[in-house]
Structure formats: structure tokens, C-alpha cells
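Comments concern the structure below.
In listed order, ligands and their atoms are each counted from 1. These values consider heavy atoms only, across backbone and side chains, with no hydrogens, waters or symmetry-generated copies.
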Amino acid sequence: DVIREIEGLGKKERRLAEKLGLQHVLIVPGDADLDPLVKKALGHAAADYIRGILKSGDILAVTGGTTAATLADQMQRTQLGVEVVPARGGIGENMEFQANTIASRLASQLGGTYRLLHAPDLMSDEALQSFISEPHVQETLQRIRRARMVVHGIGQAIPMARRRKLPDAKIEQLAGQGAIAEAFGYYFDRSGNIVHAMNTVGLRLSDLKHIERIVAVAGGKSKAEAISAVAHGCPLHVLVTDEAVADAILTHR
Ligand code: BG6
């Protein structure tokens with residue numbers, strides 16, 4: 001902590017928390033866009049923070065993404081006895097970055113259990129309804145809504161839409177609507193308004209207000225605007241980010 005103050009990070013953390021209306025901000029030095037070690041440090045900082053807060057019997061919900069995957073890699077082994085669940089199912093990620101994969105890896109590091117949501121990516125409304133009505137899916141969804149902590153990534157809208165292979169017409173429409181950020185399968189404009197939501201199961205944005213601690217982990221200067229938009233549009237308590245994002249947001253009027 002002494003080192004953080006000398007580097008001026010502690011002060012930036014407090015200024016950024018105030019600017020974004022958050023309880024707490026953690027900043028790692030550098031820019032994750034330029035250096036993969038910075039992403040690793042982000043994952044490490046987030047993992048340590050989460051481990052320090054979780055208590056035995058807690059439910060932890062996680063999203064997918066490469067940053068969340070790094071967090072799982074960086075999680076130290078403990079015996080916490082928590083349950084880890086994916087925040088949402090089926091939003092078009094590669095296997096290694098899927099929320100299910102990350103939930104199971106985190107559970108093994110934390111000495112806990114996990115439940116998965118095997119929801120296919122593209123489901124008709126009818127299929128989605130019948131999937132949701134399955135008793136074991138119902139049970140998992142209830143566990144997800146009872147999470148004490150949610151950890152999620154934040155992405156830029158258009159790169160995320162491309163990564164998820166949304167049709168070109170949809171991507172153009174998103175761009176036209178001013179989509180700039182993505183989190184939990186929701187796409188937001190600059191002011192944090194939802195412009196599009198993926199049709200899937202799991203946490204809805206409206207569930208977030210019941211969750212005690214929501215932690216976002218995202219870095220790299222290119223995500224600065226997306227992070228601000230999500231901080232405005234989504235309930236969020238804690239942000240783990242890098243200095244490049246902090247500087248970009250703090251210097252923006
Ligand atoms: C996804 C999350 O899996 O990862 C999104 O569901 C998030 O909410 C995205 O935007 C971020 O991915 P990355 O790879 O940039 O950490």
C-alpha cells in the first residue's frame with residue numbers, strides 16, 4: 001500500500017471511484033492493450049480481492065471472457081467452500097473463455113463446488129422457455145440469483161459483437177444505435193442505456209440490484225469508454241482496472 005501511494009495509484013483509485021460513483025477501485029500500473037503482463041496483473045489483483053471477500057457458503061457468479069479467464073488462472077488455491085456459477089449461459093464465447101469453464105476452474109481453485117448452465121447460444125423463444133422450465137435449470141437459476149458476489153468482464157460493443165459472430169446487419173444496427181459497451185450479453189450506449197440484449201438465460205440486469213458486491217475486471221485503454229458506459233448503465237460496486245483506463249477516464253471532462 002505504501003508503494004501504491006508513492007506511485008500515486010492510491011490517489012487515482014479514489015478519484016476514479018468518485019468520478020464513476022463506485023465503492024472501490026483497484027488500479028494496476030500499465031496498459032493491458034500493450035502488455036499481456038498487465039492483463040495478468042489485473043487478473044491477479046481481482047483474484048486476491050475476491051478471495052479476501054468471499055466467505056464459506058457464498059455463491060459467486062462469473063461471466064466469461066479472456067480477462068475473467070486470467071483471473072481464474074491467477075486464483076490462489078484455498079479451501080473456501082463456496083459455490084461458483086456462470087452469470088449467464090450461452091453468449092457465444094470460445095470454450096476456454098466461457099462462463100461455465102471459468103466457473104468450474106474457479107471452483108476448483110477455491111475448494112468449492114460449481115453448477116453449470118448448458119444453454120445453447122441461439123435459441124428460439126419457445127426453446128428458451130422450455131429450457132428454463134426444466135427443474136434442474138430452475139434450481140441453477142435460483143442459485144445464480146442468490147449470488148452474494150458477481151464478477152464480470154466489460155467489452156467494447158462492436159468487437160464483442162464480432163467475436164460472438166452476430167450477423168453483419170445486427171452489428172451495423174448496433175453501431176447505428178451508438179452501442180459502445182458490452183457486459184453480461186447486454187449492449188450499452190455511451191450514457192449506459194441498453195440498446196440490445198442477447199436472448200439467453202441467467203442473471204438479468206434487473207437482478208443485479210439485489211447482489212451485495214458486483215466487481216468488474218477490465219483493462220486496456222481501448223476499453224475506457226466502455227467501462228465508463230457500464231459504470232453508468234449497470235449496478236457496479238468495485239472496478240479492477242489498469243492505469244491507462246484510469247488516466248483516460250480521469251482526463252475526460
Ligand atoms: C464476456 C462477458 O464473456 O467477456 C462480457 O460476458 C465481457 O460481459 C467480455 O464484455 C469481456 O471479454 P474480454 O475477453 O475482453 O475480457
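Protein residues with a heavy atom under 4.0 Å from ligand 1 are Thr63, Gly64, Gly65, Thr66, Thr67, Ile91, Glu93, Gly153, Ile154, Gly155, Met160, Arg163, Arg164, Glu182, Ala183, Phe184, Lys223.
Between Phe184 and His152, the distance separating the two ring centers is shorter than 6.0 angstrom.
Ion pairing between Asp207 and Arg204 holds under the 4.0 Å rule for side-chain N and carboxylate O.
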Please set out all donor-acceptor pairs under 3.5 angstrom arising from side-chain atoms of residues 33-41, sequence neighbours excluded.
from  : atom 1 : to     : atom 2 : distance (Å)
Asp33 : OD1    : Ser222 : OG     : 3.2
Asp33 : OD2    : Lys221 : N      : 3.0
Asp33 : OD2    : Ser222 : N      : 2.7
Asp33 : OD2    : Ser222 : OG     : 3.0
Asp35 : OD1    : Leu37  : N      : 2.8
Lys39 : NZ     : Thr66  : OG1    : 2.6

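For Leu71 against Ala46, the heavy-atom pair with the smallest separation is CD1-CB, 3.7 Å.
Sorted by first and then second residue, the ring pair (Phe, Tyr, Trp, His ring centres under 6.0 Å) pairs involving residues 68-92 (not counting sequence neighbours) form an empty list.
For Arg15, the salt bridge (Lys or Arg N to Asp or Glu O under 4.0 Å) criterion is met by no residue, not counting sequence neighbours.
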